[in-house]
Amino acid sequence: WDDQTPTGRVHMVNLIATIPGARPDRIAITGHYDTKLFREFRFVGANDAGSSTAFLIEIARVLKTRQNALTIELS
């Protein structure tokens, strides 16, 4: 979807990875990646976006090799 920001319209995406489990019941593990956009200067938060993104990547790496009872959705 596209949304209005202080610097104009930005295309945004929700990314969902599904790890099939023994049952179709699902558990969701979520995080976010974002930063503030300013025309006057470049801003990137200290770890606001990076820490939850790194967590999701690492937990996906670990969980994909297991036989999980529930289907897991990472987003």
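Bear in mind that the values here come from a model prediction, so they are computed numbers and not experimental data.
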Item checked: Any donor-acceptor pair under 3.5 Å from Asn68 side chain to Leu63 backbone ->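 Judged by distance alone, yes, a pair lies under 3.5 Å.
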
Check: Is the count of non-hydrogen atoms from other residues, nucleotides or ligands lying under 6.0 Å from Gln67 atom CD greater than 12?
Finding: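 At most 12 heavy atoms, drawn from other residues, nucleotides or ligands, come within 6.0 Å of this atom.
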
Next item on the list: Output all residues satisfying salt bridge (charged side-chain N to carboxylate O under 4.0 Å, His left out) with Glu58, sequence neighbours left out; order by chain, then residue number.
Entry: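 Partners of Glu58 by the salt bridge (charged side-chain N to carboxylate O under 4.0 Å, His left out) criterion, ordered by chain and then number, come out as Arg61.
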
Margin query: Under the rule for salt bridge (charged side-chain N to carboxylate O under 4.0 Å, His left out), what residues qualify as partners of Arg9, not counting sequence neighbours?
Written below: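 Residues passing salt bridge (charged side-chain N to carboxylate O under 4.0 Å, His left out) with Arg9: none at all.
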
Item checked: Sequence-distant partners of Asp3, side-chain contact (heavy atoms from CB on, under 4.5 Å), two or more places apart ->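 With neighbours one apart ignored, the set is Trp1, Met12.
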
Next item on the list: With sequence neighbours left out, write down each residue that passes side-chain contact (heavy atoms from CB on, under 4.5 Å) with Ile27, or none if nothing qualifies.
Entry: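 Per chain and number, Ile27 pairs via side-chain contact (heavy atoms from CB on, under 4.5 Å) with Leu70, Ile72.
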
Next item on the list: Drop me the distance from Ile59's CD1 to Leu74's CG, to the nearest 0.5 angstrom.
Entry: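 If we round to the nearest 0.5 Å, Ile59:CD1 and Leu74:CG are 7.5 Å apart.
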
Margin query: Once rounded to the nearest 0.5 Å, what's the spacing between atom OG1 of Thr30 and atom CG of Leu56?
Written below: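 Taking OG1 in Thr30 and CG in Leu56, the distance rounds to 7.5 Å.
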
Next item on the list: Check which hydrophobic residues are tied to Ile16 through side-chain heavy-atom contacts below 4.5 Å, counting indirect links as well, and list them.
Entry: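 Cluster partners of Ile16: none, it stands alone.
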
Using residues 17-26 as the side-chain source, report each donor-acceptor pair under 3.5 Å to any protein atom, sequence neighbours left out, with the distance given to one decimal.
unit_1 : atom_1 : unit_2 : atom_2 : d
Arg23  : NE     : Asp25  : OD2    : 3.1
Arg23  : NH2    : Asp25  : OD2    : 3.0
Arg26  : NH1    : Glu73  : OE2    : 2.6

